[in-house]
Peer 1: 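Take this structure first; my questions come after.
Every value quoted in this text rests on a predicted model; they were computed, and no experiment measured them. Numbering of residues begins at 1 and proceeds along the displayed sequence. The figures that follow rest on heavy atoms only: side chains count, while hydrogens, waters and symmetry mates do not.
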Amino acid sequence: MAEAHSAVAFSFSITHEGWDVNFDREVLNLVWLSGVRSWKKRFFRFMNNLKSGVYPASLGSLWLTVIIVTAIHFAGYKVPYDLVGKVAPYISGSSILAHIAGSFVISVLLWLIVIYILRYILKLLLIYKGWMYELRGKNKKPSRMTQIWLILVKLLSGWHKPMLYSFQGSLPRLPLPSVEDTMRRYLRSVKPLLDDDNYTRMERLAKEFQNGIGVKLQRYLILKSWWSTNYVSDWWEEYVYLRGRSPLVINSNFYGIDAILMHPTTNQAARAASTIHFCLQYRRLIERQQLEPILLQGIIPLCSWQYERLFNTTRIPGIETDKIIHYQDSKHIVVYHKGKYFKVLIYYKNRILLPCEIELQIQQILMDKSEPAESEDKLAALTAGERKPWAEARNEYFSKGVNKISLDIIEKAAFFVTLDDIPYEYDTEHPEKLDNYGQILLHGKGYDRWFDKSFTLCIGSNGRIGFNAEHSWADAAVMAHFWELLIYEEAHREADAPVMGSLWEYVIASTLEIGYKPDGTNAGTPEFIPPIPTRLQWDLSSKCIESINHSNEIVQKLINDIELRIYVHDNYGKGFMKASSMSPDAYIQMALQLAYYRDAGKFNLTYEASMTRLFREGRTETVRPCTIESAAWVKSMEDKNATLDEKFKLLQAAGQQHQKNCQDAMCGKGIDRHLFCLYVVSKYLEVDSPFLKEVLSEPWRLSTSQTPHGQTSKLDLKKFPNCISAGGGFGPVADDGYGVSYIIAGEDVIFFHISSKRSSLVTDAARFARQIEKAFADMKTLLLERKKAQQHKNGST
């Protein structure tokens, strides 16, 4: 075994002849290479941080500045203010060397001043958000002010290609709304949900809060907004995620599905190896900051800080609160198959193993015939179950000995991989197979994913893939970006097309051959026999097994209670919505409002996640799609006396209001994060607020989220139509509610992932899918009939 081999790498003994030293040259060479790799990573990390820290300038501009200042000084010009001459006398050495050194010092000083002035100007420019509220279309142009603003932003940020974290220092802080503005927006959002008496009562509570304790709470929040980088993100991570004591499975973790129209190979080992190799290449791009940051309109940067914890990250359970641990490096992954855990080394002579080499390792795991130890197969149920019992079991049974060693290996792995023994299937004739595919990824068997890891890569026995991701370390958009590029790479492999761009130039440079052979295995020839995967060992006592079984019982109840329906809407998509002059997201949210009203017979508080990554360390904000305008339109659709024009105008007004609410949320003018932070301050001050208590206890019975698609310009669906991903989903937030995730895949397809609980008497995921289908059909009929009526009217005049 590798451990035994390492143990005798270096030894000594004392004999009658003196010291007897023995060492293993091979292992010491591995130790040496490991150290070299570690120092190289530190050096590259330092250089990349330096490059990002001086953006939009480059390190090359420093030497240009030194040359210019030195030339000016020695030419006899005392510019600026003869600073070099004033500094030179204080530098020891000959006169010429002192003046050269003085020129260098002044050059660096001037260079830094200019850099920070440019960065500050760019930050001031990025505070402006007027561009987001301006309508843009084929025949519409931004205002003159926005045009000038775009030119200035492009000039300041377009000197050279940015690195992943280049814009971090230039991003503005998330603005803190006034209590008055938040109260106004909140009352407007609940107007369609309350009757007159309850609305009047809520108005009174809001006014009392605004003029009373809200003033004091806001003062503390103003101080936090001045002092911290982002006044929301740290509290959001701690109190919404890490302090949650309920199981992660279904309640918190989310999943993502493969590109269902592509199936590059049915060989499980080959697809696993190829995907693992891509993950490792992507990790290296993040480490070296070679991953391109996302720029809206190709100009406006989004915050990239969440990418740092995509790999080498684990959520550690605690009695009262969990914590996120991120390791700077990891040289292995952990693979789970049929109840057994394996450590798989991923480097050889400071290079990542090739797909064909990793495939050999995966094949060895698949061929392993040993049996798991008692309850080893269900060990990961601890990570899926309630957090406090897992923390207690971890402290009691995994803090020493072989259990601690094995647990450390899992938690320090780059990521976790599960080789499932069942296929992931998609069949247009049998939609229930896609439902099952989603459920496998959402929870699996409840004990075959390590739910604490940043993500678990799941490989079906037929070669299809997916992932299950922990939510506290980042939002779904980061995983979606990573997954989109993975699918893009697979599309190029299938097409055998030349790949261009910084990401793929690097990938190709490090891989001699990519793609699959006709037999489904990875192309290329292994350069050596890769290290054999090491089986992790466990010593599980009877009490530890009791804890495992207890967590598993809780998890199985959750799994048995969840219903998931993945509805594929392919009658029409965003092409028709845009042609109808509506934002696709607004259109879909209106369809969901109509579907929910028909399903429940009433309106309910609706959650839609929106990002705030236009600001530094921004995460999400809540958009409330159930508005006064959307409720009026939904009621008109159910009113037989409403005219065609009335329904159309109400739909347009609802869509415009929703779009404005999304823009407000992205610009830091949301409702819920501000109220959340005010509530946290009230708890610290031990102040009771009836208003905040009621607001924060309101259940989100319809929780929705759009899976981002097209985050990279490299993914061209017209060229690679099979790259359409089915997106991903999550569990319902409320026991009597729905969780709805959707992805706009191409021009004509939308995937809806609808979850609900079987124990609820008022929800049914399959029924809600049918309501969505009917809502889309009715909306299309409305728009087509209105267009036909307009054409008839214009023709008659």
Side-chain angles (χ1 to χ4, degrees), residues 129-143 146 185 188-189 294 296-298 300 302 477 480 569 571-596 606-614 620-634 636-637 647-667 669-670 702 704-711 717 727 740-752 772 775-784 786-787:
K129 295 293 183 291
W131 60 273
M132 186 172 291
Y133 294 90
E134 295 178 6
L135 295 175
R136 293 181 296 278
K138 293 181 179 179
N139 301 318
K140 297 176 182 178
K141 292 183 179 180
S143 66
T146 297
R185 293 191 184 100
R188 194 181 196 283
S189 73
I294 297 177
L296 299 182
Q297 307 295 322
I300 305 141
L302 297 184
H569 179 80
N571 292 328
Y572 65 94
K574 69 176 182 180
F576 175 80
M577 299 171 192
K578 288 183 176 180
S580 303
S581 302
M582 280 196 72
S583 155
D585 183 68
Y587 190 103
I588 294 170
Q589 284 292 338
M590 294 308 104
L592 291 175
Q593 286 300 307
L594 179 58
Y596 186 84
T606 306
Y607 182 105
E608 181 189 4
S610 174
M611 64 93 174
T612 56
R613 288 170 61 197
L614 290 168
T620 61
E621 177 58 273
T622 304
V623 179
R624 297 183 169 214
C626 185
T627 61
I628 296 171
E629 291 78 9
S630 68
W633 170 71
V634 168
S636 75
M637 291 294 288
K647 294 177 181 178
F648 176 77
K649 289 178 181 177
L650 288 171
L651 175 59
Q652 291 290 307
Q656 290 169 8
Q657 182 61 43
H658 179 79
Q659 194 166 3
K660 183 181 182 301
N661 289 347
C662 289
Q663 293 162 344
D664 284 345
M666 291 179 68
C667 294
K669 300 176 185 177
L702 180 57
T704 71
S705 178
Q706 179 182 172
T707 303
H709 204 261
Q711 294 191 76
L717 290 178
V740 182
S741 176
Y742 55 93
I743 183 169
I744 303 171
E747 293 293 318
D748 301 309
V749 180
I750 305 170
F751 290 90
F752 290 90
I772 294 174
F776 267 88
D778 291 347
M779 290 177 73
K780 183 177 183 180
T781 300
L782 168 64
L783 293 170
L784 290 178
R786 203 268 177 177
K787 183 178 181 181

Peer 1: Do we get Lys660 above Tyr133's six-membered ring, with its NZ or CZ under 6.0 Å from the centre and within 45° of the axis?
Peer 2: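 The answer is no, since Lys660 fails at least one limit relative to Tyr133.
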Peer 1: Does some side-chain heavy atom of Leu614 sit less than 4.5 Å from a side-chain heavy atom of Leu296?
Peer 2: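 Yes, close enough: below the 4.5 Å cut-off.
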Peer 1: What closest approach, in Å, do Lys647 and Met637 show between heavy atoms, and which atom pair accounts for it?
Peer 2: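 Closest pair (atom of Lys647, atom of Met637, distance): CD-SD, 4.0 Å.
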Peer 1: Please answer whether the main-chain N or O of Thr622 pairs with a side-chain N or O of Glu608 as donor and acceptor at a distance below 3.5 Å.
Peer 2: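 No; judged by distance alone, with no hydrogens or angles, the pair does not exist.
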Peer 1: Report the residues that fulfil salt bridge (charged side-chain N to carboxylate O under 4.0 Å, His left out) with Arg624, sequence neighbours left out, ordered by chain and then residue number.
Peer 2: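 Applying salt bridge (charged side-chain N to carboxylate O under 4.0 Å, His left out) to Arg624 gives Asp672.
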Peer 1: Donor-acceptor pair, distance only, cut-off 3.5 Å: does the side chain of Glu629 make one with the backbone of Ala653?
Peer 2: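 Between the backbone of Ala653 and the side chain of Glu629 there is no qualifying donor-acceptor contact (under 3.5 Å).
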Peer 1: Could you check whether any side-chain heavy atom of Ile743 comes within less than 4.5 Å of a side-chain heavy atom of Gln706, counting everything from C-beta outward?
Peer 2: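 SC-SC contact between Ile743 and Gln706 ruled out.
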Peer 1: Mind checking whether Phe776 and Phe576 have ring centres under 6.0 Å apart?
Peer 2: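 Not close enough - the centres of the two rings lie 6.0 Å or further apart.
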Peer 1: Do Phe752 and Ile772 make a side-chain contact, defined as non-hydrogen atoms from C-beta onward lying under 4.5 Å apart?
Peer 2: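 Yes, at least one pair of side-chain atoms sits under 4.5 Å.
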Peer 1: I would like to know whether Met666 and Lys129 meet side-chain contact (heavy atoms from CB on, under 4.5 Å); could you show each step before the answer?
Peer 2: CA-CA 9 Å; Met666 291 179 68; Lys129 295 293 183 291; over 6 Å; no
Peer 1: Taking side chain to side chain contact (heavy atoms under 4.5 Å, CB included) as the test, write out the residues that go with Leu650, two or more places apart.
Peer 2: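 Leu650 satisfies side chain to side chain contact (heavy atoms under 4.5 Å, CB included) with Ala632, Trp633, Ser636 once adjacent residues are dropped.
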Peer 1: Keeping the roles fixed (side chain from Thr146, backbone from Pro142), state whether a donor-acceptor pair exists under 3.5 Å.
Peer 2: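 No.
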Peer 1: Quick one: does Thr704's side chain have a donor or acceptor within less than 3.5 Å of a partner on Val740's backbone?
Peer 2: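 The answer is no, because no donor-acceptor pair under 3.5 Å joins these two groups.
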Peer 1: Are any non-hydrogen side-chain atoms of Val623 and His658 less than 4.5 angstrom apart?
Peer 2: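 Yes. Closest side-chain heavy atoms under 4.5 Å.
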Peer 1: When you compare the side chain of Ile588 with that of Met577, does any pair of heavy atoms fall below 4.5 Å?
Peer 2: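 Sidechains of Ile588 and Met577: in contact.
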Peer 1: Check whether any side-chain N or O of Ser630 sits under 3.5 Å from a backbone N or O of Pro625 as a donor-acceptor pair, and report yes or no.
Peer 2: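 Yes, because the side chain of Ser630 sits within donor-acceptor range (under 3.5 Å) of the backbone of Pro625.
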Peer 1: If you take all heavy atoms of Leu783 and Ser580, which pair is closest and at what distance?
Peer 2: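 For Leu783 and Ser580, the tightest heavy-atom pair comes out as CD1-OG, 3.6 Å.
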Peer 1: Which pairs with one or both residues in residues 581-594 pass salt bridge (charged side-chain N to carboxylate O under 4.0 Å, His left out), sequence neighbours excluded?
Peer 2: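 Found none.
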